[in-house]
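The block underneath contains the structure these notes are about, expressed in structure tokens.
Labels below follow one simple rule: chain letters A, B, ... track the order of the sequence lines, proteins then strands, and each chain is numbered from 1.
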Amino acid sequence: MSEPLAPQYNPQAIESELYRFWKQRGLFGPSDAPAAAPYVIIMPPPNVTAVLHMGHGLNNTIQDVLVRFERMRGRATLWVPGTDHAGIATQNVVERLLAKEGRTRFDLGREPFIERVWEYVHETGPVILRQLEALGCSADWSRTYFTFNDALSRAVREAFVTLYEKGLIYRGHYIINWCPRCLTALSNEEAEKEEEDGRIWRLHYPLADGSGHVTVATTRPETMLGDSGVAVHPDDQRYQRLIGQVVRLPLTDRLIPIVADEAVDPAFGTGAVKVTPAHDLLDFEIGKRHGLASIDVMTPEARMSLAAPERFHGLDRYDARRRVVEEFERLGLLEGVDQHRHAVGHCYRCDTVIEPRLSEQWFVKMAPLAKPALDAYRDGRLRFVPERRGDEYARWMENIRDWCISRQLWWGHRIPVWYCQAERCGKMIASRTDIDRCPDCGGPVRQDEDVLDTWFSSQLVPLSSLGWPDLTPDLDRFYPGHTMVTAPEILFFWVARMVMAGLEFRGNVPFSTVYLHGTVRDTQHRKMSKSLGNGIDPLDVIGLYGADALRYTLVAGSAVGTDVILDPDDIETSFAPGRNFANKLWNAGRFILSNLQGPVRPLAGTRNAVRSSELALADRWIIARCDATIAEVTEALERFRLNEAAAAAYRFVWSDLADWYIEQIKPRLIGEQPGGDVARAVAAQTFDVALRLLHPVMPFVTETLWQRLPGRPAGACISVAPWPSVDRRAANPSAVEQFDALQELVSAVRALRGEYGVQPGKGVEVWVTARGPSDVFDAERDTVQRLAKISDLRFDQATRSRVGAHAVLRDGTGVFMPAEGVFDVGREAERLRKE
RNA sequence: GGGCGAAUAGCUCAGCCGGUUCAGAGCGCCUGCCUUACACGCAGGAAGUCGGGGGUUCGAAUCCCUCUUCGCCCACCA
């Protein structure tokens, strides 16, 4: 309280200590006040192996701003943090570690490998949470969840078995996206399509009767080894005579039929399609319709399998492609090759080109789940910020396809299905608890080897993090939640599925608003990522300038629906505004605090409260500006326009409070003019409000200063101080108008002084007449007197002889400059300049 | 191929349900200041026909059309 504040704000000295104080005080948990309406945000769980990057920084800063705002507004706020076991990502990381030891997961075996991953997770898991603390996140750590802990695993089982029993989960042979590096199936969302320049080959397939050939076009010639037919459109005149004929598949001895199928686009390529049911979705469907064989010619690693001719065995798919093309060329069966731009799927984790592959997997039937989720959006129970994202959501829901949920990984929730090994029984049992005997025949059972897509557990988080499937008090009080803050990339991966899960298992949407913020990018608009090396480490920024500076910059830079651009080569430029602003607040606070040593009169409520007649023009002006700022910041936060809230508070603190008000009251504080107690009261009050308005964005510096304001009981904490509200009694629009006019006047005079090179202290004389009631006049005279002083002008006299604003300037040479109305001062200055 | 977003001062971006914050902020730049809170600061200043073209309107950065250039999302045309 009494130790002097350093002239430069030093975040390192206060942040961690302050954070510990908040935690000790238990400020992050929801209030128990029964009347307090809950406000709940579930944190999008970072991967358990992640280290904090700017994307987390932005995401969690936004959540913290909203949570702190609502907490101050008296809601029982609950921000539930957690981490995600991130099946494929985490497994990949640990496999890479093993690779450095020259081993693979298969060398270890399943159980030891999982043990190894757990070890790693225990090591790294807490890291990101600690980093979120450095950011200042006011999450309720006592409720931290992990998607693979026992409780959440139970929720996964419950969800799986429930859906299974409802017939919404099924197992089937299907063409899935296969990653030959991760050796697992992927969902459609996990297969990222990228446009690429590729080639398309035209191949001759000779007719078996030697009467000619049919030309097919393909982008993946190696798959022809698995062809079991050729398809043309039934109405395609060119091929009418070929339908029903047989071709001899080159490079093999297979005879395969030419069939007619509506799915073929006669306008594309040659109008004839080679059909490879085991390696292409469209072909698979055509094959099914025509009873064509599925010949899988690749191994899981995407090498040619034993089903291919012997000379291809073991060849990588791209080597095989070259070889196939060569052989066609040698046989004179290669008609040509064209450039072809097309979309190719890539693994979202390792970027390997996806191989469509026939395989037996588990799926969730999505249409029945999507219907209520679409309705919830249509009837307004679910809304999106920005709004247009809702249309994307709806489109996806309307065109939803079944979700492949099985993964051929070891790290994850194992599919809770057991197969009875008894020959006569052979039942398939889905169970909430592990079983070791067939419940029907008592025979031995074997659990499915696969694990679930990591998003299967993620979709349950709004429920499971609150205790579901148990009907816990938390679930009762805090479900459904309110705001989901996340990146648009995972709208489909995660958000849409959470909505469906919430509706399915709890009958209501898990949150009412989805706030989708932008992506953090570099100046070339590339996404910041470790692999590109264009990232900025948030912890570096926190170390240099403090969490408040980082948070301010992120918030100020993110208008709704737009990306945040930062320059990784110039951290200083990117974050200086936040750093400077924190320092500005700090110093304004230093100055005000140093002037509040004695008792400070309240602005209202008690007998010695400042009466409105005591308020000078500047006082009324700053109070009015303060009120306007409260309204602005509050409305902006309510509408998720965090950048506008930050800008409004910034303007108020810097342009109004510091640049004008504090300068204006100095003579009163120093004692040159009466009314110091009033100035002190107003300064204390408006600064208090400014700190509270800024607390959600800059929690540390505001808390430090606020606690030092006079009249704070021991242990007082801005984090739970009431959000400021507008005091109508103090509002005074005319004060704003007048003071703004005076600002203009002073600025014009200052400019004139510069123009004429008038020396400080012996410059321009100012006369002012005021408009309005006499009390306004008196206040205005004081103000002008003061402003004239700080402008190095000499204030001579004022008269109330005329009504209406009227300023007269006279420079040292005696030139008069009458101005009709204060608004015209600028123009008059212009006129004078010309004379 | 379908859908969406963005183009505003040298740079990064606000403003965009038409007209008193309308041409703005921060950084950078120029001039003068270490004025007893802050040089991470103070005061003043230069700088943009709001991507091009057309239209609606009394009036458009703001609404409509079109073109150009970027970016994103979705897509089983082999």
Query - Inter-nucleotide C1' distance (G59(B), A23(B)), Å rounded - result: 16 Å
Requested in this report: Return no unless some side-chain N or O of Arg401(A) is found under 4.0 Å from OP1 or OP2 of A75(B).
Outcome: yes
Requested in this report: For C73(B) and U31(B), measure between their C1' atoms and round to the nearest Å.
Outcome: 50 Å
Report summary line: His517(A) atom NE2 is separated from G5(B) atom C1', nearest whole Å, by 17 Å
Query - Residue Arg521(A), side-chain atoms from C-beta onward, closest of C72(B), C73(B), C38(B) - result: C72(B)
Requested in this report: Remember a base hit wins even if backbone is also touched, and classify Asp280(A) as base, sugar-phosphate or nothing at under 4.0 Å, heavy atoms.
Outcome: nothing
Requested in this report: Using a heavy-atom cut-off of under 4.0 Å over every strand shown, decide if Ala576(A) touches base, sugar-phosphate, or nothing.
Outcome: nothing
Query raised in the report: Taking the side chain as C-beta and beyond, is there a heavy-atom pair between Arg220(A) and Arg321(A) under 4.5 Å?
Result: yes
Requested in this report: Kindly compute the distance separating CD (Gln361(A)) from CD1 (Ile176(A)), expressed to the nearest 0.5 Å.
Outcome: 5.0 Å
Report task. Indicate yes or no: does Arg579(A) engage Glu572(A) in a salt bridge with an N to O separation below 4.0 Å. Result -> yes
Query raised in the report: Is the closest side-chain donor-acceptor distance between Asp227(A) and Tyr205(A) under 3.5 Å?
Result: yes
Query raised in the report: Taking the same atom, C1', in G48(B) and in A61(B), what whole-Å distance lies between them?
Result: 11 Å
Report summary line: Nearest-nucleotide check on RNA chain B, Arg590(A) vs Gln8(A); residue mapping nearer the 5' end is Arg590(A)
Query raised in the report: Would you call Glu189(A)-Arg497(A) a salt bridge at under 4.0 Å N-O?
Result: yes
Query - Qualifying residue, where the test is ring pair (Phe, Tyr, Trp, His ring centres under 6.0 Å) with Trp396(A) and the options are Phe493(A), Phe492(A), Tyr377(A) - result: Phe492(A)
Query raised in the report: Between C50(B) and C11(B), how far is it from one P atom to the other, in whole Å?
Result: 16 Å
Query raised in the report: Checking all strands, does Ala267(A) fall into the base, sugar-phosphate, or nothing category for heavy-atom contacts under 4.0 angstrom?
Result: nothing
Report summary line: Among the nucleotides A37(B), A78(B), G26(B), whichever has the atom closest to the side chain of Tyr650(A) is G26(B)
Report summary line: When rounded to whole Å, the NZ to C1' distance for the pair Lys584(A) and G26(B) reads 15 Å
**Report entry** Pairwise C1' distance for G26(B) and A9(B), with rounding to whole Å
**Finding:** 12 Å
Query raised in the report: Starting at CZ of Arg395(A) and ending at C1' of C4(B), how long is that distance when rounded to a whole Å?
Result: 7 Å
Query - Residue Phe492(A), side-chain heavy atoms: nucleotide from C74(B), A78(B), G5(B) that is nearest - result: C74(B)
Query raised in the report: OP1, OP2 of C76(B) versus side-chain N and O of Lys193(A): anything below 4.0 Å?
Result: yes
Query raised in the report: Which of the following nucleotides, G26(B), G5(B), C76(B), is nearest to the side chain of Leu282(A)?
Result: C76(B)
Report summary line: Walking RNA chain B from its 5' end, the first of Arg389(A) and Glu194(A) to be reached, judged by nearest nucleotide, is Arg389(A)
Report task. If the glycosidic angle is within 90 degrees of 0 it's syn, otherwise anti, so just tell me which one U21(B) is. Result -> syn
Requested in this report: Could you work out which one of A78(B), G5(B), C73(B) sits closest to the side chain of Thr218(A)?
Outcome: A78(B)
Requested in this report: Find the distance between OG1 (Thr219(A)) and CZ (Arg341(A)) and round it off to the nearest 0.5 Å.
Outcome: 14.0 Å
Query - Pair of N/O donor and acceptor under 3.5 Å linking A37(B) base with Glu663(A) side chain - result: yes
**Report entry** Rounded P spacing from C30(B) to G24(B) in Å
**Finding:** 23 Å
Between the protein and nucleotides 14-18 of chain B, list every N/O to N/O distance that falls short of 3.5 Å.
unit_1, atom_1, unit_2, atom_2, d
A14(B), OP1, Thr562(A), OG1, 2.9
G15(B), OP1, Arg641(A), NH2, 3.3

Query raised in the report: Name the one of Leu491(A), Ile490(A), Val385(A) that satisfies side-chain contact (heavy atoms from CB on, under 4.5 Å) with Leu516(A)?
Result: Leu491(A)
Query - Phe652(A) and Cys626(A), any side-chain heavy atoms less than 4.5 Å apart - result: yes
**Report entry** Integer-rounded Å distance: C76(B) P and Glu355(A) CD
**Finding:** 16 Å
Report task. Please measure how far the C1' atom in G2(B) lies from the corresponding atom in A75(B), and state the result in whole Å. Result -> 7 Å
Query raised in the report: Can a side chain N or O of Asn587(A) be found less than 4.0 Å away from OP1 or OP2 on C40(B)?
Result: no
Query raised in the report: Tell me: CG of Asn399(A) to P of A75(B), nearest whole Å?
Result: 9 Å
Query raised in the report: With rounding to whole Å, what would you report as the distance between A6(B) and C16(B) at their C1' atoms?
Result: 13 Å
Query - Sidechain N-carboxylate O distance under 4.0 Å for Glu392(A), Arg389(A) - result: yes
Query raised in the report: Contact class for Ala343(A) vs. all strands (heavy atom < 4.0 Å): base, sugar-phosphate, or nothing?
Result: base
Requested in this report: Report yes if at least one side-chain N or O of His340(A) is closer than 4.0 Å to OP1 or OP2 of A78(B); otherwise report no.
Outcome: yes
Query - Carboxylate-amine/guanidinium contact Glu632(A) Arg651(A), below 4.0 Å - result: yes
Report task. Take atom CZ of Phe581(A) and atom P of C40(B), then tell me their distance rounded to the nearest Å. Result -> 17 Å
Requested in this report: Return one dot-bracket line describing RNA chain B 5' to 3' (Watson-Crick or G-U wobble pairs, both distances under 3.5 Å; ( ) same strand, [ ] crossing, | another strand, . none).
Outcome: (((((((..((((..........)))).(((((.......))))).....(((((.......))))))))))))....
**Report entry** Test: Asp338(A) and Arg202(A) ion pair at under 4.0 Å
**Finding:** yes
Requested in this report: Counting heavy atoms from C-beta on, name the nucleotide in C38(B), C77(B), C40(B) closest to the side chain of Arg579(A).
Outcome: C40(B)
Requested in this report: Establish, with yes or no, whether the OP1 or OP2 oxygen of C42(B) is under 4.0 angstrom from a side-chain nitrogen or oxygen of Trp660(A).
Outcome: no
Query raised in the report: Which is true for Trp201(A) with a 4.0 Å heavy-atom rule: it touches a base, it touches only sugar-phosphate, or it touches nothing?
Result: nothing
Report summary line: Between CG of Asp659(A) and P of C38(B) the distance, given in whole Å, is 14 Å
Report task. Compute whether any side-chain donor of one residue and acceptor of the other, for Tyr348(A) and Glu192(A), lie under 3.5 angstrom apart. Result -> no
Report task. Check the distance between G2(B)'s P and His342(A)'s NE2 and give it to me in whole angstrom. Result -> 19 Å
